[in-house]
Protein chains: 2
Amino acid sequence: MEQQQISTYLLKNGIRPLQKRVKIMGYLVSKRNHPTVEMIYSDLVHEIKGLSKTTVYNVLNLFVQSGVALALNIEGNEIRYDADTSTHGHFKCRVCSGVIDFRIKQEELPKPMLDGFRIEEHHFYLMGVCSFCCNKIEA
Amino acid sequence: MEQQQISTYLLKNGIRPLQKRVKIMGYLVSKRNHPTVEMIYSDLVHEIKGLSKTTVYNVLNLFVQSGVALALNIEGNEIRYDADTSTHGHFKCRVCSGVIDFRIKQEELPKPMLDGFRIEEHHFYLMGVCSFCCNKIEA
DNA sequence: ATTAATTTTGTAATCATTACAAAATAATAC
DNA sequence: GTATTATTTTGTAATGATTACAAAATTAAT
């Protein structure tokens, strides 16, 4: 996705498309690697002159509040971010620590009996060992 | 559940049923409130003479490793613990911060296409506003 | 170009968790 | 039952992620 498209997308969601915001969203969209703040910061600090880690936190919090990114709390010691806000699940490998998406259709999600509850977010996480690491272990 | 039953249960899972471990498991089992370490510590420190917060951490980590408790990472800033290790989901209310269980049958869980992956844990979290808080807001 | 509003920065504070060595407790051997 | 050994617990300090906040920088509006 180009900078121009990202700017338009942010604007449509009530976010002023300032340079650093566009770059951070561009990173999320293009890498799709569910990065932590640390990963985003260390990857972008070379590219964006004078980027501060606090800015990364600020911008990501803004993205989550505005609904253009999801905060994934798969494990307790880190938050990962995902620009794909459609219905899908996440798998985390305990060997390589990678997080990958898997598709779930909205209608496949269980519909628990929670009468009178307002449900705003669904999170479906799986954990285990990915196929790549399974092969490595067997070998 | 009585102390004796809890001791037997811990033993069966390879955990020596020392006094503080039995008390902490008893707390988890009887309250079923998905407590944080802070909640467990502040509730039990009066009852168990000289309890240390580090011990609560140690014991809970042991419980999770031994498979007699689940660590819930619903939101990034806290881990909650659950002695119910059967298949079920969790709802967290963003108003009152309470966490409640809901039943899901194993066969209701979506089966994503993850060929060659070893799946060890399922986590299904919902977030929103519980019925009690919905009523309060409307009133 | 000036002024006002917003954003970013950098440092310090906070909070949950872990590391680690010493003290306490429990299990085992004699 | 005491001595010895292994395990557990404690308490403090360290770590690491996140937030608070005020000053500096940037952007928008006049």
Side-chain angles (χ1 to χ4, degrees), chain A residues 3 6-7 10-11 13-27 34-66 68-81 92 97 99, chain B residues 3 6-7 10-11 13-25 27 34-66 68-82 92 97 99:
Chain A
Q3 305 246 324
I6 290 171
S7 295
L10 292 180
L11 255 181
N13 286 276
I15 298 167
R16 292 212 319 214
L18 305 175
Q19 189 206 130
K20 290 172 188 181
R21 293 171 175 178
V22 173
K23 285 266 175 72
I24 291 172
M25 178 55 76
Y27 178 90
H34 312 89
T36 61
V37 163
E38 186 57 42
M39 291 160 74
I40 298 170
Y41 174 74
S42 58
D43 281 356
L44 289 183
V45 70
H46 308 294
E47 185 179 334
I48 307 177
K49 68 155 186 126
L51 177 66
S52 131
K53 201 179 281 189
T54 303
T55 298
V56 180
Y57 277 106
N58 289 341
V59 169
L60 289 170
N61 285 338
L62 175 66
F63 285 176
V64 171
Q65 282 162 28
S66 307
V68 297
L70 299 177
L72 309 181
N73 298 286
I74 306 182
E75 289 187 306
N77 52 336
E78 62 183 17
I79 304 180
R80 286 165 175 265
Y81 293 90
K92 177 165 181 178
S97 301
V99 174
Chain B
Q3 305 245 323
I6 290 171
S7 294
L10 292 180
L11 256 180
N13 286 275
I15 299 167
R16 292 210 322 214
L18 303 176
Q19 189 207 129
K20 290 172 188 182
R21 294 172 175 177
V22 173
K23 284 268 175 70
I24 291 173
M25 179 53 78
Y27 178 89
H34 311 89
T36 61
V37 163
E38 186 56 42
M39 290 161 74
I40 298 170
Y41 174 74
S42 58
D43 281 356
L44 288 182
V45 69
H46 307 294
E47 186 179 334
I48 307 176
K49 68 156 186 123
L51 177 66
S52 132
K53 201 178 281 188
T54 303
T55 299
V56 180
Y57 277 104
N58 289 341
V59 169
L60 289 170
N61 285 339
L62 176 66
F63 284 175
V64 171
Q65 281 162 28
S66 307
V68 297
L70 300 177
L72 310 181
N73 298 286
I74 306 182
E75 288 187 306
N77 54 336
E78 62 182 17
I79 304 179
R80 287 165 174 264
Y81 293 90
D82 190 349
K92 177 164 182 179
S97 301
V99 174

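Every chain is numbered from 1 and lettered A, B, ... according to where its sequence line falls, protein lines coming before strand lines. Keep in mind that this is a model prediction, so the values were computed, not measured.
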A:Leu60 atom CG is separated from C:dT8 atom P, nearest whole Å, by 12 Å
Provide a list of protein-nucleic acid N or O atom pairs under 3.5 angstrom, restricted to nucleotides 2-6 of chain C.
residue, atom, partner, partner atom, Å
C:dT6, O3', A:Arg16, NH2, 3.4

Whole angstrom is fine here: how far is it from CG in B:Leu62 over to P in D:dT7?
13 Å
Rounded to whole Å, how long is the line connecting atom OH of A:Tyr41 with atom C1' of C:dT8?
13 Å
Take the protein atom CG of B:Leu51 and the nucleotide atom P of C:dT25, then report the distance between them rounded to whole Å.
13 Å
Taking salt bridge (Lys or Arg N to Asp or Glu O under 4.0 Å) as the test, write out the residues that go with A:Lys20, two or more places apart.
none
Spacing between B:Ile48 atom CD1 and D:dT8 atom C1', to the nearest angstrom:
14 Å
Between B:Gln19 and B:Arg80, which residue's closest nucleotide on DNA chain C lies nearer the 5′ terminus?
B:Arg80
Set of side chain to side chain contact (heavy atoms under 4.5 Å, CB included) partners for B:Asp82, sequence neighbours left out
B:His34, B:Leu70, B:Leu72, B:Asp84, B:His88, B:His90, B:Asp101
Polar pairs (N or O, both sides) under 3.5 Å between protein and nucleotides 16-26 of chain D?
residue, atom, partner, partner atom, Å
D:dT18, OP1, A:Ile79, N, 3.3
D:dT18, OP2, A:Tyr57, OH, 2.8
D:dT19, OP2, A:Asn61, ND2, 3.3

Please list, chain by chain and in numerical order, all residues satisfying side chain to side chain contact (heavy atoms under 4.5 Å, CB included) with B:Leu60, sequence neighbours excluded.
B:Ile24, B:Leu28, B:Val37, B:Ile40, B:Val56, B:Phe63, B:Tyr81
A:Tyr57: side-chain hydrogen bond (donor to acceptor under 3.5 Å, both in side chains) partners, not counting sequence neighbours
none
The complete set of salt bridge (Lys or Arg N to Asp or Glu O under 4.0 Å) pairs with one or both residues in residues 38-63 of chain B, sequence neighbours excluded, reads B:Lys31-B:Asp43, B:Glu38-B:Lys53
Residue set satisfying side chain to side chain contact (heavy atoms under 4.5 Å, CB included) with B:Asn13, at least two apart, ordered chain then number -> B:Tyr9, B:Val68
Side chains of B:Ile74 and B:Val99: closer than 4.5 Å at any heavy-atom pair?
yes
Excluding sequence neighbours, so at least two apart, what forms side-chain hydrogen bond (donor to acceptor under 3.5 Å, both in side chains) with B:Glu78?
B:Arg80, B:Lys92
